[in-house]
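Before any comments, here is the structure.
These values consider heavy atoms only, across backbone and side chains, with no hydrogens, waters or symmetry-generated copies. By convention here, the first residue in the shown sequence is residue 1.
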Amino acid sequence: MNSQTKNVRVVIAGKEYLVEVEDLRARPIRARLEGQTFEVIVDEPASEVKPPTSKVTRQPAPVVTPVKRVEREPSVVVSSGEGSKQVTAPMPGDIINVLVKPGDRVRTGQEICSLDAMKMKNAIRAPQDGVIASVEVVSGQAVDYGQVLVTFE
């Protein structure tokens, strides 16, 4: 977090999160949650956003509506040696399902597995056309950032 960003509590779909945001008066607001960037619109005018007071009071967190998700391509790492390519986890989470198996032909953008991070489903997509050489994860498995999910031939 840099000096121009702030941590703000927000409620998304009934759940409270601590989100790193840029300028609270900007519309839409750019916010980061678990390494992903979102543009959001606050359900109150910018003039009503007030700086915190020294008096400690619990107020309801502002409700935000996601507008546009800033998409990231899946991470692709070229391994040393044989020149095979690997798709790695873009964030820590739990594998919800695996949609491919070794030998499957996939096309660029095809969903190969789903990753649950902070109760949000993230589709992990093939970065290229190719054939799956190995699947390194199973449904229900916890993964770390950068962990290999699938290897291409």
- With a 4.5 Å heavy-atom cut-off, do Gln147 and Gln86 have their side chains touching? no
- Item | Taking every non-hydrogen atom, the tightest pair across Pro102 and Ala133 | CB-O, 3.6 Å
- On a heavy-atom basis, the closest approach of Pro127 and Thr108 is O-CG2, 3.9 Å
- Query: With a 4.5 Å heavy-atom cut-off, do Phe152 and Val131 have their side chains touching?
  - Reply: no
- Item | Test applied, side-chain contact (heavy atoms from CB on, under 4.5 Å); reference residue, Ser114; option that passes from Ile124, Ile96, Asp94, Asn122 | Ile96
- Note on the structure: In short, Val98 meets Cys113 closest at the heavy-atom pair CA-CB, 4.0 Å
- Message: Show the nearest heavy-atom pair for residues Pro92 and Ala117, with the distance to one decimal.
- Response: O-CB, 3.6 Å
- Message: With rounding to the nearest 0.5 angstrom, report the CG to NZ distance, Leu99 to Lys101.
- Response: 11.0 Å
- Note on the structure: Minimal heavy-atom distance between Arg105 and Gln110, with the atoms involved, is O-OE1, 4.1 Å
- Query: Any side-chain heavy-atom pair from Asp116 and Lys121 closer than 4.5 angstrom?
  - Reply: no
- Would you mind checking if Asp129 and Arg107 are paired as a salt bridge, meaning a charged N to carboxylate O distance below 4.0 Å? yes
- Look up atom CD1 in Ile112 and atom CD1 in Ile132, then write down how far apart they are to the nearest 0.5 Å. 5.5 Å
- Message: Is the shortest side-chain heavy-atom distance between Val150 and Ser134 below 4.5 Å?
- Response: no
- Message: Does any part of the side chain of Leu149, heavy atoms only, come nearer than 4.5 Å to the side chain of Glu136, both counted from C-beta?
- Response: no
- Closest non-hydrogen contact found for Met91 with Leu115 is O-CD2, 3.5 Å
- Message: Do Ile95 and Val143 have side chains that approach each other closer than 4.5 Å (heavy atoms only, starting at C-beta)?
- Response: yes
- Given side chains that start at C-beta, do those of Thr88 and Val148 come closer than 4.5 Å, heavy atoms only? yes
- Query: Any side-chain heavy atom of Lys6 sitting closer than 4.5 Å to one from Glu20?
  - Reply: no
